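None of these values were measured; they are calculated from a predicted model. A, B, ... follow the sequence lines: proteins, then strands. Residue 1 opens every chain. FYI, side chains are in, hydrogens and waters are out, and symmetry mates aren't considered; it's all heavy atoms of this structure.
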Amino acid sequence: MKIGIPKNGRFGEFGGKYIPETLAPAIEELEKNYLKIRNDKNFKKELGRLLIDYAGRPTPIYFARNLTKTIGGAKIYLKREDLLHGGAHKINNTLGQALLAKRMGKKRIIAETGAGQHGVATAMACASLGLKAEIYMGYVDTLRQKQNVFRMELLGAKVHAVKSGSMTLKDAINEAMRDWITNVDSTYYLLGSAVGPHPYPLMVRDFQKVIGIEIKKQMKKIPSVVIACVGGGSNAIGTFYPLIDTNAKIIGIEAGGKGVKTKLHSAPLTAGKKGVLHGMMTYLMQDEDGQISETHSISAGLDYPGVGPEHAYLKDKNRVEYKAVTDDEAINAFLILTRTEGIIPALESAHAIAHAIKISKKMKKTESIVVTLSGRGDKDIDIVKEYLAKNVKNKRKV
Amino acid sequence: MSRIKEKFNQLKSKKETALISYIMTGYPSEKATLSAVRGLIQGGADIIELGFPFSDPIADGPTIQMASTESLNNGTKIDNFFSIVKKIRKESNIPLVLMTYTNILYNQTYLKFISRAKQAGIDGLILPDMSIEESNEYVKAAKKIGMDTIFLVSPNTEKDRLEQIIKSTSGFLYMVAVFGTTGVQTKIHKYTLDALKNTKIAAKGKIPVGVGFGVSTEKDVQKYVSSGADAVIVGSANIKIIENTPANKIQTRIAIFTKKLKNKTR
Ligand SMILES: Cc1ncc(COP(=O)(O)O)c(C=O)c1O
């Protein structure tokens, strides 16, 4: 299976560019510049240096001996994106795009953020490259991720709390797009996941695929199973893409919230329907009229009603299996990993860990699972604390 | 001939510019929508543009966003929308245009949605997030059913692209006046007037050119009329009036405002 550059901006039938006409010249300019820079040796060299010296690449692959022993079954390895500067995989993408923006002569950068991780990574990349950053964040998210709001402000970014719609990630994207429409000439929109109109899903995948490339190099054998969590799908596509043409089983984990049978989840690949949002055709959570549904997840970074079009394609082609993990299961995995390995995972990443725990029991000791640990969990400790106070029963399980 | 085309032909022979008036369906209620429509007709609007709310209106500014959210919170469904359109059709033959976002159509398939809209009495469609690149299936379905497809162009749309968009457009071409979202604007920019001139040249008299986004006063209307627009489109200003008017006065106030604007188009 070979994917490469999507033809007409589409992965199979998914993707495209459903955009207001005012953005058409900007998207065209972006596409032209990106396709040129994609193979530019100097650009690659400059980005490569930044990834090493500034972001901390390559990240280790760690054999989780204690976790493996506790669960019993396949060997579980963690790809440690949590050790990157800023504490998540997001910096891989923001450095790439900020460098591109600089090459394009754009001085003002806007971005959306959910959990605040992409906002922080954007603010860092902009501070280091001398660019001005403004971040849109849903008001509800500014309340549940207060620390990240302050981090962004310390880094010199301006944070706009978005009070329209459901006041979460999707509304932050809406507002960033409105800003872009208004300031189209001066502004670069630095999207944080593998979503949006073409060429964003391609570009974000390209900047994140370093994860999968390193996994391939670091593992002696192609792993039996590879798992990553899917919000918009950037850490997942970065993990999966280089492994698509191997025989590894690939699994993407969506946020099952309070269960995919309830309406309170964020699992469009598991329980959504095709539709058009934020410039792309993909699987979406929506009602019978096509109104986008409000989503729920305990992790703000997975709380999004859509998903990157390449994932929609990989699902329909049956190359990647997509499953949902509930809030409860994610919290449980968070606690298990923290206690057994001394690693506090982001709640997003804990979803992927939960699935690894679920399946490793049934696998042979000679088999291996690689889980992308997309971020560290310091940002989530208040949420976990609150959850545990409410759910005494979970506390006992550990 | 479509109702929209016929209307433009009539206006042309009278040397008048079209006044196209936008309101949001279901804001603040179904009843208010019908009152506003009656006011618009009474005031002399030539074409009515009915918004159907979408949860994520990326091309809209705060006023229409607020109206969309409120309409959805009031429970506006696509079935309500079509039944309102049918009610209007019992009272008037005025051209009706639906403005909404792509997903609302995509959800039912273009063909099915457009035939339902046609049956209810809609004459044309405006989808601000439907780009020309992705429009094949949509335009094909609309042609088949006899629905006008009103595309948007922007002041930064280049000539080749403009020509390509005009080819897929029927009814009229919607020129966005500003770099920005819908909403009340304070001044008319030179770049807008330049773009209007170029768009008119590209349209070669084959398709009328309407100007919208931020058109809200008699002065705005006059300026665009004298600059050669075939239509002016007023939206957020109507929503503002509806927002600040008790339900029993909506029809009268909208009629008075519309009449003032319409006078500047003759
Ligand atoms: C640590 C972490 N993992 C995963 C995600 C989800 O994003 P994506 O699916 O694009 O990797 C986020 C988003 O904020 C995140 O912060």
In chain order, what residues pass the side-chain contact (heavy atoms from CB on, under 4.5 Å) check against A:A324, with sequence neighbours excluded?
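Scan of A:A324 (side-chain contact (heavy atoms from CB on, under 4.5 Å), adjacent residues dropped) gives A:V260, A:A267, A:T270.
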Turns out that what part of B:F151 lies under 4.5 Å from chain A's heavy atoms comes down to neither
Heavy-atom distance under 4.5 Å to chain A: side chain of B:P57, backbone, both or neither?
both
Considering only heavy atoms and a distance below 4.5 Å, find which of B:L127, B:L72, B:L105 pairs most often with chain A.
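Ranked by contacts with chain A, first place is B:L72.
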Got B:L152 and A:P20 here, is their nearest side-chain heavy-atom distance under 4.5 Å?
no
Can you tell me which portion of A:L277 sits under 4.5 Å from chain B's heavy atoms? Options are side chain, backbone, both or neither.
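When you check distances to chain B, only side chain atoms of A:L277 fall under 4.5 Å.
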Residue A:L23 versus chain B: region with a heavy atom under 4.5 Å
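No part of A:L23 comes within 4.5 Å of chain B.
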Minimum heavy-atom distance B:F179-A:V184, with the two atoms named
CD2-CG1, 3.9 Å
Counting distance alone, with no hydrogens or angles, which donor-acceptor pairs between chain A and chain B are under 3.5 Å?
{"residue": "A:R10", "atom": "NE", "partner": "B:E134", "partner atom": "OE1", "Å": "3.3"}
{"residue": "A:R10", "atom": "NH2", "partner": "B:E134", "partner atom": "OE1", "Å": "2.5"}
{"residue": "A:K17", "atom": "N", "partner": "B:E134", "partner atom": "OE2", "Å": "2.7"}
{"residue": "A:K17", "atom": "O", "partner": "B:S131", "partner atom": "OG", "Å": "2.6"}
{"residue": "A:I19", "atom": "N", "partner": "B:D129", "partner atom": "O", "Å": "3.4"}
{"residue": "A:E21", "atom": "OE1", "partner": "B:R161", "partner atom": "NH2", "Å": "3.1"}
{"residue": "A:E21", "atom": "OE2", "partner": "B:R161", "partner atom": "NE", "Å": "2.6"}
{"residue": "A:T22", "atom": "O", "partner": "B:N156", "partner atom": "ND2", "Å": "3.0"}
{"residue": "A:T22", "atom": "OG1", "partner": "B:S154", "partner atom": "OG", "Å": "3.2"}
{"residue": "A:K170", "atom": "NZ", "partner": "B:D56", "partner atom": "OD1", "Å": "3.2"}
{"residue": "A:K170", "atom": "NZ", "partner": "B:D56", "partner atom": "OD2", "Å": "2.9"}
{"residue": "A:N174", "atom": "ND2", "partner": "B:D56", "partner atom": "OD2", "Å": "2.8"}
{"residue": "A:R178", "atom": "NE", "partner": "B:P57", "partner atom": "O", "Å": "3.3"}
{"residue": "A:R178", "atom": "NE", "partner": "B:D60", "partner atom": "O", "Å": "2.9"}
{"residue": "A:R178", "atom": "NH2", "partner": "B:P57", "partner atom": "O", "Å": "2.8"}
{"residue": "A:K273", "atom": "NZ", "partner": "B:N107", "partner atom": "O", "Å": "3.2"}
{"residue": "A:V276", "atom": "N", "partner": "B:N103", "partner atom": "OD1", "Å": "2.8"}
{"residue": "A:Q286", "atom": "OE1", "partner": "B:N103", "partner atom": "ND2", "Å": "2.9"}
{"residue": "A:Q286", "atom": "OE1", "partner": "B:N107", "partner atom": "ND2", "Å": "3.1"}
{"residue": "A:E288", "atom": "OE2", "partner": "B:K77", "partner atom": "NZ", "Å": "2.7"}
{"residue": "A:D289", "atom": "OD2", "partner": "B:I78", "partner atom": "N", "Å": "2.8"}
{"residue": "A:G290", "atom": "O", "partner": "B:N103", "partner atom": "ND2", "Å": "2.8"}
{"residue": "A:Q291", "atom": "OE1", "partner": "B:S55", "partner atom": "N", "Å": "2.8"}
{"residue": "A:Q291", "atom": "NE2", "partner": "B:P53", "partner atom": "O", "Å": "2.9"}
{"residue": "A:I292", "atom": "N", "partner": "B:S55", "partner atom": "OG", "Å": "2.9"}

Return the option, out of A:I173, A:I292, A:L284, with the maximum number of heavy-atom pairs under 4.5 Å with chain B.
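So the answer, after comparing A:I173, A:I292, A:L284, is A:I292.
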